[in-house]
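Counting from 1, the numbers follow the sequence of the chain as shown.
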Amino acid sequence: MSAKPPVFATLGCRLNAYETEAMKDLAAKAGVENAVVVNTCAVTAEAVRKGRQEIRRLRRDNPDAKIIVTGCAAQTEPETFNAMSEVDLVIGNTEKMQPETWSAMGPDFIGQTERVQVDDIMSVTETAGHLIDGFGTRSRAYVQVQNGCDHRCTFCIIPYGRGNSRSVPAGVVVDQIKRLVDKGFNEVVLTGVDLTSWGADLPAAPRLGDLVMRILKLVPDLPRLRISSIDSIEADDALMEAIATENRLMPHLHLSLQHGDDLILKRMARRHLRDDAIRFCEEAKKLRPDMTYGADIIAGFPTETDAHFENSLKLVTDCDLTWLHVFPYSKREGTPAARIPNKVDGNVIKARAAQLRSAGDAQVRKHLDAQIGRTHSILMENPHMGRTEQFTEVSFAAPQTEGAIVTAKIIGLNGSQLTA
């Protein structure tokens with residue numbers, strides 16, 4: 001069999017996509033060949049099912065390759081993947097970012113390497129230092145500044161896949177962003193599992209807002225800085241100051257809200273109440289009137305009544321949310337919520353999720369309609385599509401320079417895209 005470079009498949013979040021790019025680099029340096037690497041997600045039982053399905057598909061398409069499974073699902077339930085006949089090797093989230101893991105995988109590694117390499121992620125105290133200089137498009141780069149989570153929301157398996165929270169020091173982050181700007185990237189996105197916990201484990205315990213302000217001060221040539229999902233209850237004073245005063249910080253925040261009813265939030269072990277979420281959204285929009293919000297919301301958490309659900313549905317308009325990620329509740333073995341009685345009927349969960357998505361669609365339409373006639377700075381992801389500061393897609397009939405920031409007036413709509 002002739003040697004072929006490894007194939008990578010990524011499921012789940014942006015952080016997984018970032019880490020896949022790092023693994024590509026590690027595998028290339030180690031000379032790994034004839035392998036398929038599947039970076040799995042564990043956020044829901046459905047995500048794990050899709051991971052298994054993808055592995056089976058990749059085995060059919062690559063009958064002679066070694067199948068290597070990693071990611072959060074491999075970390076939380078390695079036995080599931082070890083039991084699959086299609087799988088040759090299971091490696092954990094810590095191991096996948098270590099050069100020595102890949103250096104042990106020469107062309108004949110199977111038989112010489114332990115089949116399951118998944119250690120206790122809770123013992124990890126540092127974020128992997130393997131940094132990559134951008135991925136995805138030539139316009140936008142993602143920088144991992146934090147990993148893991150110290151919170152234990154009752155529905156969430158992710159801390160068991162990612163470990164406890166740990167931060168990349170600010171100096172390391174700034175140096176990487178300087179390199180990205182030198183390479184021509186016009187936008188950098190800060191990513192992490194629990195981004196607003198950044199800094200708690202560093203000397204003097206700086207906050208995310210301190211990091212944002214430091215980046216904007218020390219990298220003056222960076223045109224656009226974006227932060228990904230945040231927990232609004234952890235937003236610090238410096239972050240709010242950045243929202244108010246720094247136009248280079250993009251006016252788009254994705255919020256980890258999860259629900260709109262106080263009793264369900266308590267049963268989820270969330271640290272905010274409904275009014276906290278509304279207050280934050282109102283305050284941030286007062287500081288930055290063009291601010292837009294995305295949010296994660298779970299439908300059908302155990303014990304959720306019609307009245308509880310109505311509070312979630314109303315939260316969409318009360319917080320003026322635009323981009324919704326709706327998750328039908330999915331039981332995850334090993335989480336406290338899996339032991340809560342009074343489960344919601346599956347058909348009811350589907351119906352409630354559909355209602356939330358419909359409310360989200362109406363909010364998107366409202367947002368799009370409001371942009372017509374406005375002028376935006378648009379970062380071009382390809383010659384015919386870019387995104388506004390609020391992350392809204394804009395299509396162009398005439399080709400533009402990929403990676404450039406183009407100023408254009410919005411003239412209409414094409415489905416869910418603005419047109420300029």
Side-chain angles (χ1 to χ4, degrees), residues 11-17 41-51 72-73 153-158 193-195 228-233 252-270 272-274 276-278 280-281 292-332 335 337-338 340 343-368 390-393 415-417:
L11 296 95
C13 65
R14 280 286 180 187
L15 188 53
N16 252 16
C41 174
V43 69
T44 62
E46 175 67 8
V48 178
R49 187 192 70 80
K50 286 182 177 178
C72 288
C153 299
T154 58
F155 56 84
C156 188
I157 198 75
I158 295 305
V193 174
D194 181 28
L195 202 56
S228 56
S229 180
I230 68 165
D231 200 339
S232 58
I233 198 68
H252 167 251
L253 295 172
H254 190 85
L255 308 176
S256 178
L257 297 181
Q258 309 307 343
H259 211 274
D261 183 87
D262 285 350
L263 181 59
I264 298 297
L265 287 167
K266 182 178 180 181
R267 288 172 178 166
M268 288 178 164
R270 300 293 294 166
H272 71 273
L273 299 174
R274 171 192 181 82
D276 295 324
I278 296 170
F280 171 84
C281 290
T292 60
Y293 304 111
D296 297 327
I297 300 183
I298 295 172
F301 187 82
T303 75
E304 182 188 72
T305 65
D306 287 343
H308 297 148
F309 172 70
E310 283 300 318
N311 279 333
S312 263
L313 196 60
K314 284 165 53 184
L315 193 71
V316 176
T317 49
D318 288 347
C319 285
D320 198 16
L321 307 176
T322 300
W323 318 109
L324 292 192
H325 288 180
V326 176
F327 295 89
Y329 174 75
S330 159
K331 178 180 175 181
R332 299 298 284 116
T335 63
I340 298 177
K343 302 292 189 284
V344 180
D345 179 79
N347 290 326
V348 172
I349 293 176
K350 285 182 182 178
R352 288 176 180 171
Q355 278 186 269
L356 282 168
R357 291 189 182 107
S358 178
D361 290 343
Q363 288 288 100
V364 170
R365 177 59 54 176
K366 175 182 139 188
H367 170 72
L368 295 175
Q390 293 89 359
F391 214 60
T392 312
E393 291 188 2
S416 61
Q417 285 186 332

(message) Applying the side chain to side chain contact (heavy atoms under 4.5 Å, CB included) criterion to Leu315, which one of Asp261, Asp320, Ile278 satisfies it?
(response) Ile278
(request) Could you list the residues that satisfy side-chain contact (heavy atoms from CB on, under 4.5 Å) with Ser256, not counting sequence neighbours? (result) Ser229, Gln258, Arg270
(request) Mind checking the CD-CG spacing from Glu393 to Leu368? Nearest 0.5 Å is all I need. (result) 10.0 Å
(request) Go through the steps for Ile298 and Met268 under the test side chain to side chain contact (heavy atoms under 4.5 Å, CB included), then give the verdict. (result) CA-CA 10 Å; Ile298 295 172; Met268 288 178 164; 4.0 Å; yes
(message) What's the separation between atom NE2 in His254 and atom OG1 in Thr322, rounded to the nearest 0.5 Å?
(response) 12.0 Å
(request) Report yes if the side chains of Trp323 and Val364 come closer than 4.5 Å at any heavy-atom pair, otherwise no. (result) yes
(request) Would you confirm whether Ser232, through its side chain, and Ala277, through its main-chain N or O, come within 3.5 Å as a donor-acceptor pair? (result) no
(message) Is it the case that the side chains of His259 and Asn311 hold a donor-acceptor pair, with the cut-off being a distance below 3.5 Å and no angle test?
(response) no
(message) Using only atom types and a distance under 3.5 Å, with no angle test, would you say the side chain of Arg267 pairs donor to acceptor with the backbone of Asp262?
(response) no
(request) Give, for atom CG of Leu11 and atom NZ of Lys50, the distance between the pair rounded to the nearest 0.5 Å. (result) 8.5 Å
(message) Just so I know, are the side chains of Phe309 and Gln355 near enough to count as touching, which here means a heavy-atom distance under 4.5 Å?
(response) yes
(request) Mind listing the closest non-hydrogen atom pair of His252 and Gln390 along with its distance? (result) CD2-O, 3.7 Å
(message) What I'd like to find out is whether the side chain of His272 reaches to under 4.5 Å of the side chain of Leu265, using heavy atoms alone.
(response) yes
(message) When you compare the side chain of Cys281 with that of Tyr293, does any pair of heavy atoms fall below 4.5 Å?
(response) yes
(request) Evaluate the side chain to side chain contact (heavy atoms under 4.5 Å, CB included) criterion for residues Ile230 and Leu253: first the C-alpha distance (whole Å), next the side-chain angles of each, then the deciding distance (0.1 Å), finally the verdict. (result) CA-CA 7 Å; Ile230 68 165; Leu253 295 172; 4.3 Å; yes
(request) Calculate, to the nearest 0.5 Å, the distance between atoms CZ and OG1 belonging to Arg332 and Thr44 respectively. (result) 7.0 Å
(request) Might you point out which heavy atoms bring Tyr329 and Gly300 nearest each other, and give the distance in Å? (result) CB-O, 3.4 Å
(message) Please report the interatomic distance OG(Ser416) to CG(Asp361), rounded to the nearest 0.5 Å.
(response) 9.5 Å
(request) Over all heavy atoms of both residues, which pair between Thr154 and Thr335 is shortest? Give the atoms and the distance, please. (result) O-CB, 3.2 Å
(message) For Ala353, give me all partners under side-chain contact (heavy atoms from CB on, under 4.5 Å), at least two apart in sequence or on another chain.
(response) Ala299, Val326, Pro328, Arg357
(message) Please determine whether side chain to side chain contact (heavy atoms under 4.5 Å, CB included) holds for the pair Gln363 and Val316, giving the CA-CA distance in whole Å, both sets of side-chain angles, and the decisive distance to 0.1 Å.
(response) CA-CA 8 Å; Gln363 288 288 100; Val316 176; 3.6 Å; yes
(request) Work out which heavy atom in Ile158 is nearest to a heavy atom in Ala42; give both atom names and the distance. (result) CD1-C, 4.3 Å
(request) Would you mind reporting whether Asp296 and Phe327 have side-chain heavy atoms less than 4.5 Å apart? (result) yes
(request) Over all heavy atoms of both residues, which pair between Cys41 and Ala73 is shortest? Give the atoms and the distance, please. (result) O-CB, 3.5 Å
(request) Locate the shortest heavy-atom distance separating Ile264 from Phe301; write the atom from each residue and the value. (result) CG2-CD2, 3.9 Å
(request) Evaluate the criterion side chain to side chain contact (heavy atoms under 4.5 Å, CB included) for residue pair Arg352 and Val344; output intermediate values, then yes/no. (result) CA-CA 11 Å; Arg352 288 176 180 171; Val344 180; 3.8 Å; yes
(message) Test your reading of the model: is there a side-chain donor-acceptor pair from Thr305 to the backbone of His308, 3.5 Å cut-off?
(response) yes
(message) Can you see whether Thr392 engages His367 through a side-chain donor-acceptor pair at a distance of less than 3.5 angstrom?
(response) yes
(request) Report the distance from atom CZ of Arg274 to atom OG of Ser312, rounding to the nearest 0.5 Å. (result) 8.0 Å
(message) I need the single residue from Leu255, Ile233, Leu257 that forms a side chain to side chain contact (heavy atoms under 4.5 Å, CB included) with Phe280. Which is it?
(response) Leu255
